[in-house]
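What follows is a short report on a single structure.
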Amino acid sequence: MKNPQLEKGYEPVQVEEDLYRFWIEQKLFQAEVEAEGPTFSMVIPPPNVTGTLHMGHALNTTLQDILWRYHKMKGHNVLWLPGTDHAGIATQNVVERMLAQEGVDRHQLGREKFIEKVWEWREKFGGIIINQLKRMGAACDWSRERFTFDEGLSKAVREVFVRLYQEGLIYRGDYIINWCPRCLTALSDLEVEHEAQEGNLFHIRYPLVSGQGAVIVATTRPETMLGDTAVAVHPEDKRYQGLAGQEVHLPLTQRRIPIIADTYVDTSFGTGALKVTPAHDVNDFEIGKRHDLAVLKVIGPEALMNEEAGVYQGLDRKACRQKVLEDLNALGLLEKVEKYTHNIGHCYRCKTMIEPYLSKQWFVRVAPLAEKALKAVENGQTRIYPKTWERTYFDWMNNIRDWCISRQIWWGHQIPAWYCDQCGEVIVDRTAPSSCPACKGKDLRQETDVLDTWFSSALWPFSTLGWPEETRELKVYYPTSVLVTGFDILFFWVARMMMMGLHFMGQVPFHHVYIHALVRDAEGQKMSKSKGNVIDPLLIIDRYGTDAFRFTLSALAAQGRDIKLSEERIEGYRHFVNKLWNAARFSLSHFEDLTEDSSLTPTVEDTINTWIISRMQRVIENVENGIREYRFNESAHELYQFVWHEFCDWYLEFIKPVLYQKEDGREKQVTRMTLFRVLSAVLKLAHPFMPFISEKIYQSLPGERVSILKASFPDRTRFPANEKAEKEIEFIKGLISEIRNIRGEMNIPPAKNVEICLRVSEAAQRALVETHAPHLLILAKGSGITFLGPEKNPASAVSGVWEEMEIFIPLKGVIQFDEEEKRLEKELVKLRKERAQIDNKLSNEDFRQKAPADVVEKEKEKLRSLAQKTEKLEGHLGRIKELMAKS
RNA sequence: AGGCACGUAGCUCAGGGGGAGAGCGCUACCCUGACACGGUAGAGGUCAAGGGUUCAAGACCCUUCGUGCCUACCA
């Protein structure tokens, strides 16, 4: 079929499904390593396998897809590599919950069986989010989809671990870490969410052993006192001079603990005396190390008090606090209770209160890695957009602490370390050793801990391309061009990829990092399931179509600002999709038998076509710049503005009379060809933002067309700029608008044709008007045009001025003089105000001397024009007043 | 406690030193043969406040006031 007609209404759902399948079948998303042209590569931020598409993914995917489609059409060697993250704790939790419904506990299954279950789960549900990304139109190369826990990536993980260990950048040791008593695992600092909570500051009396009074300590966690092994005061605190070295009785226990002096203590906080619990507080642990204090654990992994807690054994930390307080009170040792708000850490997965917990864990020594990652951003090897995030990145890199990478869960990369039970040797290797290299013993146990999920994510940009093999992919696509992500994982992920990429590849993992906004609800609240304010992207797609949704996200994606999304907004942009569809339908109805003919270019006299071609050039430039600079909203806005308010509102209206001509003359041929060229360019410009509708229309254009993705992005040099045409059309548009304004204000019925009387100031203007008379008559509803001489004014008319041209519209009898008087006066007030401003400016000596000449000249010109207009309108007003006096 | 944003039309927000903008909403008139998911016209702003730089500031600098967010081991 040569010119398939488009249906009356655009039906997104069916079109989207068909076209997406078509793109896949045509293998249009597949990267070809050996393809020509500059490369453009991206790796997707791998969503959690447990996830379902939320607004953040939708935005993230849209922006990457825009970039990909743009570069694809630019003819570049493109790759967009997709995949998912095994999401250790999150996935384990999901599967555990599922098993719990069947009444099964993972410990009953055992580690191996449980992991099998998780893989089964992944087979079944792991593809959900991938399919949802497809509904967004994502042009990922699905043939290269990866999983952070697949075989290749696991190999990369082991390789990295072994190398870092050998370089002394991974170590194992006893430290206080963040412990989740529900997940029963260590968490990194980043995995802890801090939240301000109202609590109490308890003042507790610790009697001195000497019997000479007591020290009062202040604490928010009285239950930990059972594990106290010292009380610390500041060495220079006058209140406690001479106490250091003495001992106190630790209430509720039989123990005596020393008073020590340490400068860590803040004399202005609480009582200035600090109870020290090395096993249950990070700072206390440090103090303990400095003073060689005993370390006494009183809380177990499940946050229950252990045997060291004496009578409190078995109580959970909360119940224990109650009991301890009661007992202290009974003894008269609870001095005071103050209200106190402080931050409490919670597990980012299950929200359980974190317990600082002393245990043996694996760590990455990040300082040396961070140094390189810091420099790479400082010297611009990687640029972060918007730039303001660089500072945040620097701050964090400068204050980075070692990264706890071991997790006491089952789902994840098991740490490749083995312990020899005979001699205590620790062996770290790529594969399981058969015997201990130290004692030849065969009794080896593998470390049961697994690695933090983010450990494997940190390798994503190179592990997905085949590392540690030296693949062609790595050569061609690494470093990737840009990483598009939200700021919430700047530290979790971006910073760590920087460190690992630089360390193992010797090059940054990406040239650009584009940090996009967070999508919030219409009230600016973060969307979350618990708040119930989540807008489901898939619902939106069903309701409005992917293109409308994507365009909305793009239009709102201003740098550095969060997006407040409301459905009305999406509805508004759906209207735009509809507008484009209808403009295309109209255009297509005039493309019958059209064959491309390069000789059919508009002549200079053909201002309408020359104008739209000229405008097209600017639009291409602006849309392209927007994409290049990650100012997607500007591209979207430019497109919207042009398509709706220039192409549809003016160009299509201007050319209708020509298109409706009976005979197929050259003017009509050129116009049809120009319309075709402009529409084609518009579709290509729109494609990255609205992939489906643009492809659908494109495939309906005359000629052999496989896919818009095989077309090249519009080349602006093929749309010559023409300033003269632009000025001329601006003049005509303005004249038409002025007449419409008069009509509208004076309530002339839209259907009524009126005589347009003009008094021109120069011959050139008259020629212009004559050339465009047909447009004037149609678009301003004129019955005819009369040129007036200098002497004669229509007896009874409403009037206006445009570019020194006086406009009169004679109205027989019906004219309401008072209305016209009001209108003219209002206009004059505005003009005088404007004039006063410019007068003011121009009378400023400094302005005339220091401002650039062209600016001054422009102001002078403005003033001249305003003066003219004012004078003419004043004349019109005077005449109206005369007429009013007569009647 | 530090850091980072943001206060512009009724609402949501663009605005990169030289005449205050968009979308939605609102008002009036129109079903004109692509589109009523539409057309034409209109109303609506001391650009948070104060100071500074500049011939020129919504934009750049400082202060204040409000609002968000991020980071942090003050018990």
Side-chain angles (χ1 to χ4, degrees), chain A residues 6 8-10 176 189-190 194 201 217-221 224 232 264-266 268-271 273-277 281-286 340 342-343 345 356 386 388-389 391-392 395-396 399 401 487-488 490-491 518 520 522 524 526 548 552 555-556 558 560-566 568-569 571-590 629 631 633-634 637 640-641 645 648-649 652-653 656 660 737 740-745 747-751 778-781 834 837-838 841 844-852 854-856 858-859 862:
Chain A
L6 297 173
K8 170 120 171 122
Y10 174 60
I176 293 260
D189 293 336
L190 288 176
H194 293 273
L201 190 60
V217 300
T219 179
T220 54
R221 299 200 59 194
T224 62
Y264 168 79
V265 180
D266 177 357
S268 65
F269 188 88
T271 60
L274 168 70
K275 62 190 265 319
V276 183
T277 324
D281 183 278
V282 188
N283 299 303
D284 293 7
F285 180 75
E286 297 296 327
Y340 182 63
H342 61 139
N343 284 318
T388 112
W389 287 105
R391 197 191 163 112
T392 312
D395 282 351
W396 193 72
N399 297 304
R401 300 170 68 206
F487 62 80
D488 46 334
L490 182 61
F491 306 135
L518 220 62
R520 297 167 181 280
K526 211 166 165 172
T552 309
L556 299 182
R561 192 191 272 260
D562 286 350
I563 294 176
K564 283 188 207 170
L565 191 70
S566 69
E568 292 94 78
R569 211 61 199 253
E571 203 178 332
Y573 285 113
R574 183 186 56 180
H575 296 172
F576 178 56
V577 172
N578 185 255
K579 189 75 177 176
L580 179 61
W581 179 258
N582 280 298
R585 273 197 333 128
F586 171 78
S587 306
L588 279 165
S589 70
H590 294 282
E629 295 168 16
R631 296 172 184 275
N633 58 322
E634 290 183 9
H637 187 245
Y640 187 101
Q641 210 56 31
H645 297 304
C648 291
D649 286 354
L652 292 183
E653 297 305 325
K656 272 176 183 173
Y660 288 138
S737 294
R740 284 169 168 176
N741 172 290
I742 296 168
R743 296 182 56 124
E745 293 272 286
N747 286 321
I748 299 172
I778 291 171
L779 298 181
K781 281 276 175 188
E834 242 179 284
Q837 273 174 5
I838 296 171
K841 218 176 198 180
N844 184 342
E845 184 69 22
D846 281 335
F847 173 73
R848 286 200 312 263
Q849 289 195 353
K850 293 184 184 167
D854 60 317
V855 173
V856 177
K858 216 170 122 193
E859 293 297 317
K862 246 189 276 175

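In what follows, every heavy atom counts, from backbone to side chain, and hydrogens, waters and symmetry copies are set aside. In the text below, chain A, chain B and the rest are named by the order of the sequence lines, each starting its count at 1. Source: prediction; values computed, not measured.
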* Base of B/U12 paired with side chain of A/R569 (donor-acceptor, under 3.5 Å) -> yes
* Asked: Where the side chain of A/E834 is defined as all heavy atoms beyond and including C-beta, which of B/G19, B/G42, B/C35 is the nearest nucleotide?
  -> B/G19
* **Touch class at under 4.0 angstrom, heavy-atom based, for A/V265 against every strand present** => base
* Structure fact -> Here the gap from A/C648 atom SG to A/L580 atom CG, rounded to the nearest 0.5 Å, amounts to 7.5 Å
* Asked: Distance from A/T552 atom OG1 to A/L565 atom CG, nearest 0.5 Å?
  -> 7.0 Å
* Structure fact -> Scanning all shown strands, the Watson-Crick or wobble mate of B/C35 with both distances under 3.5 Å is none
* Asked: What nucleic acid atoms does A/R740 come within less than 4.0 Å of, heavy atoms only: base, sugar-phosphate, or nothing?
  -> sugar-phosphate
* Among B/A72, B/G39, B/G16, the one nearest A/D649 by side-chain distance -> B/G39
* How is A/K8 classified with respect to the nucleic acid when contacts are heavy atoms under 4.0 Å: base, sugar-phosphate, or nothing? -> sugar-phosphate
* Pick base, sugar-phosphate or nothing for A/E634, based on heavy-atom distances below 4.0 Å to the nucleic acid. => base
* Asked: Checking A/K656 against A/F586: charged group under 6.0 Å from the ring centre and within 45 degrees of the axis?
  -> yes
* With a non-hydrogen cut-off below 4.0 angstrom, is A/Y640 in contact with a base, only sugar-phosphate, or nothing? -> sugar-phosphate
* Taking the side chain of A/K656 as heavy atoms from C-beta outward, which of B/G38, B/C74, B/A34 is closest to it? -> B/A34
* Proximity to the side chain of A/R585 - top-ranked nucleotide from B/A5, B/A34, B/C70 -> B/A34
* Which nucleotide, B/A28, B/C4, B/A72, lies nearest any side-chain atom of A/T388? -> B/C4
* Asked: Base, sugar-phosphate, or nothing for A/N844, non-hydrogen atoms under 4.0 angstrom?
  -> sugar-phosphate
* Asked: Which is true for A/P749 with a 4.0 Å heavy-atom rule: it touches a base, it touches only sugar-phosphate, or it touches nothing?
  -> nothing
* Counting any heavy atom closer than 4.0 Å, what does A/H645 reach on the DNA or RNA strands: base, sugar-phosphate only, or nothing? -> sugar-phosphate
* To do: Under 4.0 Å between any heavy atoms, over every strand shown, what does A/Y340 touch: base, sugar-phosphate, or nothing? Just pick one.
  => sugar-phosphate
* To do: For A/E745, answer base if it contacts any base atom (sugar-phosphate contacts may also be present), sugar-phosphate if it contacts only those atoms, and nothing otherwise; contact means non-hydrogen atoms under 4.0 Å.
  => sugar-phosphate
* Asked: A/W581 vs A/Y10 aromatic rings, parallel, tilted or perpendicular, using cut-offs 30° and 60°?
  -> tilted
